[in-house]
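These notes are about the structure you will find just below.
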Amino acid sequence: MSYASAGFPEIRPRRLRQSPGVRALVRETTVEPQQLVLPMFVREGLSEAVPISSMPGVVQHSLDSLRRAAVEAAEAGVGGVMLFGVPQVRDATGSGADDPDGILNVATRALASEVGDRLVVQTDLCLDEFTDHGHCGVLADDGSVDNDATLDRYVAMAIAQARAGSHLLGLSGMMDGQVTAIRRGLDAEGFTDTLLLGYAAKYASAFYGPFREAVDSQLQGDRRTYQLDPGNRREGVREALIDEAEGADIVMVKPAMSFLDVLREVRDAVRVPVWAYQISGEYAMIEAAAANGWIDRRAAVLESLLSIRRAGADAVLTYWATEAAGWLRER
């Protein structure tokens, strides 16, 4: 046989795939435990954790179970936790959001004391969990969300969270000017080191469904007047650039897997870190398929995280953070 015969390949990319060692050595993208952030739900009045039916393996925590889960995350090497509070009482303006004795602020103090020197304690800054109408802001007389009145509530909420010990505030409400307003409010109170994560490209997605159960959402209507239209790629990039210009330390793309194109463009457009949120519906789909034996659960989880990192995310919020971190440390 002539090795110079016509058609014989002179370039052999398969050489770089020939063994696990070679593949690991030339791998372009990896996922590390410290790049993962664990979202956690804490519900007022619970004495023990309560499972969330649409998110197998995820719970609404009591304060005690929250502490234990945060310690477990820290021991696994997870980079941070993002807290969501579920209050017993809601009202039109979400007054529990900035109440020092409200569930989210109480939980923040608990975790800042428990694990604040081991991981980044983060808090969701939005009114939807605290309002009796479920919207992310206060309502005007005509039922629309009043952007500028909502900013005042966000500033009060930000100061309360910073006082409780939150290292990073996740600005998820999608109000115009929220980064500027909150940055000025925090700085005026001396919280100049508190980090701001701007949920810049947050889309009105069909994949939020299980999250609504997780926070016992009271939403009436939808959020399409403030969250982005899923058909708009350029608008997501524009929002990220605006948040960066207003002083966001980090910007977010949410959801992750159905907006990987937006994530890539945002990463290329801004100079600050870019994070992505692998949301409840993404989690639930993989869990459901795995439970039916249709996919390999561990392989699918890790591949999904790798795809988000490959698209440009510097860190990923995922409900698998602790479990995935354990797998990654086994490599």
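What you are looking at is a predicted structure, and each value in this text was computed from that prediction instead of being measured.
- Minimum interatomic distance between Thr108 and Ser166 (heavy atoms only, all atoms of both residues): CG2-N, 3.5 Å.
- Here the CD atom belonging to Gln161 is positioned 6.0 Å from the CG atom belonging to Asn105, to the nearest 0.5 angstrom.
- To the nearest 0.5 Å, atoms CD1 (Ile250) and CG (Asp243) are separated by 12.0 Å.
- Look at Glu189 and Arg163 and you find a salt bridge, because one of the NZ, NE, NH1 or NH2 atoms lies within 4.0 Å of a carboxylate O, short of that distance.
- Leu263 and Ile242 fall into different hydrophobic clusters, where Ile, Leu, Val, Met, Phe, Trp and Tyr are joined by side-chain heavy atoms under 4.5 Å apart, directly or via other members.
- One hydrophobic cluster, built from ILVMFWY side chains closer than 4.5 Å, holds both Phe84 and Ile52.
- Taking the side chain as every heavy atom from C-beta outward, Leu228 and Met174 approach each other to under 4.5 Å.
- Leu127 places a side-chain heavy atom less than 4.5 Å from the side chain of Met157.
- Interatomic distance, CG of Leu195 versus NE2 of His167, reported as 9.5 Å (0.5 Å rounding).
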- Message: Working note: Glu75 + Thr322, criterion side-chain contact (heavy atoms from CB on, under 4.5 Å); need CA distance, chi angles, decisive distance, verdict.
- Response: CA-CA 9 Å; Glu75 291 175 346; Thr322 301; over 6 Å; no

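- Transitive grouping of hydrophobic side chains (ILVMFWY, heavy atoms separated by less than 4.5 Å) keeps Trp320 and Val59 in distinct clusters.
- Residues satisfying the side-chain hydrogen bond (donor to acceptor under 3.5 Å, both in side chains) criterion with Asn147, sequence neighbours excluded, are absent altogether.
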- Step by step, would you call Arg184 with Asp187 a salt bridge (Lys or Arg N to Asp or Glu O under 4.0 Å)? CA-CA 5 Å; Arg184 289 175 178 172; Asp187 289 356; over 6 Å; no

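- Note: Tyr319 and Phe41 have parallel aromatic rings, judged against thresholds of 30 and 60 degrees for the angle between ring planes.
- Cluster membership for Ile308 and Val31, using ILVMFWY side-chain heavy atoms within less than 4.5 angstrom, is shared.
- Considering only heavy atoms from C-beta on, Gln227 stays 4.5 Å or farther from Tyr199 through its side chain.
- Glu287 and Arg297 are joined by a salt bridge, as a carboxylate oxygen and a charged side-chain nitrogen come within less than 4.0 angstrom of each other.
- Looking at Met252 and Leu317, their side chains come closer than 4.5 Å, going by heavy atoms from C-beta outward.
- Here the shortest heavy-atom pairing between Glu244 and Val272 reads OE2-N, 3.5 Å.
- Cluster annotation: Leu111 and Leu63 are assigned to the same hydrophobic cluster (Ile/Leu/Val/Met/Phe/Trp/Tyr, side-chain heavy-atom contacts under 4.5 Å, transitive).
- Side-chain contact between Arg17 and Val22: absent, with no pair of heavy atoms (C-beta onward) separated by less than 4.5 Å.
- Contact detail for Ala240 and Val251: the closest heavy-atom pair is O-CG1, 4.0 Å.
- Here the shortest heavy-atom pairing between Cys126 and Tyr154 reads SG-OH, 4.2 Å.
- Residues Gln278 and Tyr283 have side chains not in contact (no heavy-atom distance under 4.5 Å, counting atoms from C-beta outward).
- When all heavy atoms of Ala92 and Val138 are compared, the pair lying nearest together is O-CG1, 4.3 Å.
- Considering only heavy atoms from C-beta on, Tyr277 stays 4.5 Å or farther from Lys202 through its side chain.
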